[in-house]
Amino acid sequence: AAKAAGKKTFRVFSPDLEKRLHERVRLEAKLRQALGAMDGLFLFYQPIIDIATGHTTAREALIRWHHGARGWIPPSEFIPMAEDSGLIDQLGIWVLGQACREAATWTDGARVAVNVSAKQLGKGVLAHHVLEALVSSGLEPGRLEIEVTESALLSNELDCLSDLRRVRDLGVRVALDDFGTGFSSLAHLRSFPFDKIKIDGSFVRDAVHRADCAAIVGVLADLGNRLGVTTVAEGVETQAHLDLVTAEGCTEVQGYLLGRPVPSPADAEAVARLNARPSADGKAKAS
Ligand code: C2E
Ligand code: MG
Ligand code: MG
Ligand code: MG
């Protein structure tokens with residue numbers, strides 16, 4: 001703790017902050033260990049469905065981490081930590097490899113969509129890692145899709161775009177994720193030929209009781225249709241959501257109504273065993 005000298009002394013390390021820092025260091029060490037031992041990390045897959053045909057065109061790979069004592073930790077908590085600590089590079093390589101390996105066993109030919117963090121972009125290595133994952137799994141490039149958010153393009157934009165261009169030159173598709181939540185600059189759509197726009201679930205969920213949000217969904221769907229780009233409505237939880245995004249012109253949907261993220265058949269048993277185990281803080285099952 002800071003010395004209680006003058007009245008103006010600023011206590012940088014409150015006991016609470018100290019505790020949180022300590023917890024974070026431990027969590028980071030635990031993630032590093034999980035990555036090293038390939039223990040407790042899984043990819044779940046959620047279907048993305050073409051509204052017109054009802055077919056699953058792709059499945060999004062969503063990472064899940066089971067921390068022995070704390071149970072399942074959501075990606076919103078550990079991905080930022082992995083980004084700050086540099087672990088994201090190793091994690092990203094594992095996700096790409098695992099997703100391609102598993103997708104290569106799917107018999108319906110659906111694509112696999114892999115999320116790529118801002119920190120994996122702009123370093124000149126993404127296309128290399130993508131190619132490595134494709135070659136070692138034997139997955140056709142056309143069956144892989146990379147998802148990036150707009151915020152990933154904010155810093156170092158030229159280097160990020162050149163990485164994405166090299167990925168796309170391999171024949172891999174590139175999707176703009178969570179569209180509408182960032183700066184939603186149309187310049188991004190001009191500077192890169194995205195294959196798909198994913199409309200953030202928050203718009204979809206608000207659209208059923210807010211005309212302005214419904215209008216935004218409709219305009220984004222029109223934009224995608226005019227650009228010849230697939231538009232996916234994320235976060236479709238109810239029939240009312242589905243009806244609305246269909247009426248507004250979205251071409252594909254993803255959400256709990258159509259299918260929750262589930263482990264691959266190879267991991268189903270291990271995940272069920274972890275779900276059955278009581279965790280210290282009583283956290284819910286992974287989904
Ligand atoms: P995202 O890429 O936008 O993924 C969609 C999120 O929405 C997922 O959360 C998914 O489980 C959730 N979701 C799907 N359908 C519904 C629905 O109907 N209602 C609601 N409320 N949510 C729905 P999740 O799995 O917790 O992942 C959160 C974020 O973490 C992802 O957002 C993505 O940005 C990041 N993430 C997940 N896996 C990876 C990964 O392997 N690498 C990287 N870099 N980021 C990842
Ligand atoms: Mg995504
Ligand atoms: Mg999204
Ligand atoms: Mg998101």
Side-chain angles (χ1 to χ4, degrees), residues 31 34-35 41-49 58-66 72-100 102-103 111-121 123 126 129-130 133 144-152 160 173-182 184 194-208 220 230-242 244-245 250 252-264 271 283-287:
L31 180 61
L35 254 173
L41 286 167
F42 303 91
L43 291 183
F44 279 31
Y45 297 92
Q46 185 180 33
I48 301 174
I49 292 166
R59 293 184 186 86
E60 180 172 5
L62 295 161
I63 196 165
R64 297 290 179 264
W65 178 30
H66 191 277
W72 297 98
I73 311 226
S76 56
E77 189 176 338
F78 71 87
I79 292 286
M81 192 180 77
E83 289 175 338
D84 290 348
S85 62
L87 283 176
I88 193 70
D89 295 310
Q90 198 188 340
L91 192 74
I93 291 170
W94 177 75
V95 170
L96 271 170
Q98 178 77 354
C100 289
E102 296 198 311
R111 288 188 294 270
V112 65
V114 172
N115 291 286
V116 163
S117 142
K119 294 284 160 69
Q120 294 171 264
L121 283 174
K123 295 172 171 168
L126 183 66
H129 295 317
V130 165
L144 176 62
E145 208 161 81
I146 296 297
E147 294 193 3
V148 294
T149 60
E150 272 185 293
S151 50
C160 292
R173 294 164 47 111
V174 180
L176 189 53
D177 202 359
D178 299 351
F179 195 65
T181 56
S184 306
F194 289 98
D195 298 281
K196 179 183 264 189
I197 295 171
K198 300 189 78 177
I199 304 171
D200 193 66
S202 58
F203 285 102
V204 175
R205 287 188 292 273
D206 284 349
V208 286
L220 294 179
T230 309
T231 47
V232 184
E234 300 190 270
V236 172
E237 294 180 349
T238 65
Q239 184 64 42
H241 293 160
L242 178 59
L244 185 134
V245 302
C250 294
E252 299 190 356
V253 279
Q254 177 179 6
Y256 296 162
L257 177 71
L258 305 131
R260 290 190 171 253
V262 291
S264 70
V271 168
K283 274 236 183 71
K285 294 176 184 178
S287 74

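Read the numbers this way: they start at 1 and go in the same order the structure lists the ligands and their atoms. Along the sequence shown, the residues carry numbers beginning at 1. Atoms considered below: every heavy atom in the structure, side chains included; atoms not considered: hydrogens, waters and symmetry mates.
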Minimum-distance atom from the Mg ion (ligand 2) among N, O or S atoms of [X]:
X	answer
D177	OD2
E60	OE2
E147	OE1

Is there a side-chain contact between [X] and [Y], using heavy atoms and a 4.5 Å cut-off?
X	Y	answer
L144	C100	yes
T231	F179	no
T149	D177	yes

### Derivation and outcome, side chain to side chain contact (heavy atoms under 4.5 Å, CB included), residues I79 and I63
CA-CA 9 Å; I79 292 286; I63 196 165; 4.1 Å; yes
Suppose I only count heavy atoms of [X] and a 4.0 Å limit; which atoms of ligand 1 are within that range?
X	value
R205	19 (N), 20 (C), 21 (N)
E234	3 (O), 5 (C)
D178	3 (O)
Q46	14 (C), 15 (N)
V95	41 (O)
P261	11 (O)

Among [options], which one has a heavy atom closest to [atom]?
atom	options	result
atom 23 (C) of ligand 1	Y256, W94, F44	Y256
atom 19 (N) of ligand 1	Q254, E147, E237, R260	E237
atom 44 (N) of ligand 1	S117, A175, P80, S76	S117

**OP:** State whether the side chain of D195 and the backbone N or O of A175 hold a donor-acceptor pair below 3.5 Å, judged by distance alone.
**Re:**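 Side chain of D195 to backbone of A175, a donor-acceptor pair under 3.5 Å: no, none is there.
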Q. For the side chain of E77 and the backbone of P74, is there at least one donor-acceptor N/O pair under 3.5 Å apart?
A. no
Step by step, would you call W94 with L43 a side chain to side chain contact (heavy atoms under 4.5 Å, CB included)? CA-CA 10 Å; W94 177 75; L43 291 183; 4.1 Å; yes
### Query
Regarding E252 and T230, is there a side-chain donor-to-acceptor distance under 3.5 Å anywhere?
no
Backbone or side chain, does N115 get an N/O/S atom under 2.8 Å to the Mg ion (ligand 2)?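 It does; at least one qualifying atom falls short of 2.8 Å.
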Report task. Could you confirm whether D200 has any N/O/S atom lying under 2.8 Å from the Mg ion (ligand 3)? Result -> no
**Q.** 4.0 Å heavy-atom contact, E83 with ligand 1
**A.** no
- So is G235 close enough to ligand 1, meaning a heavy atom under 4.0 angstrom away?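 Under 4.0 Å: yes for G235.
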With side chain to side chain contact (heavy atoms under 4.5 Å, CB included) as the test, would you mind laying out the steps for L41 and L91 before giving the verdict? CA-CA 10 Å; L41 286 167; L91 192 74; 4.1 Å; yes
- Give yes if a backbone or side-chain nitrogen or oxygen of D177 is under 3.5 Å from a nitrogen or oxygen of ligand 1, and no if not.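 Yes, at least one N or O pair falls under 3.5 Å.
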**Message:** Working note: E150 + D178, criterion side chain to side chain contact (heavy atoms under 4.5 Å, CB included); need CA distance, chi angles, decisive distance, verdict.
**Reply:** CA-CA 8 Å; E150 272 185 293; D178 299 351; over 6 Å; no
- Query: In terms of side-chain geometry, is the basic nitrogen of E60 or K198 positioned less than 4.0 Å from the acidic oxygen of its partner?
  - Reply: yes
The residue among E234, E147, E145 that forms salt bridge (Lys or Arg N to Asp or Glu O under 4.0 Å) with K196 is E145
Which segment of [X] sits under 4.0 Å of ligand 1 when only heavy atoms are counted:
X	value
K198	neither
I63	both
T149	neither

Rounded to 10°, the OE2/E234 to the Mg ion (ligand 3) to OD1/D178 angle comes out at 140°
query = Should the pair H66 and W72 be assigned to parallel (<30°), tilted (30 to 60°) or perpendicular (>60°) ring geometry?
reply = perpendicular
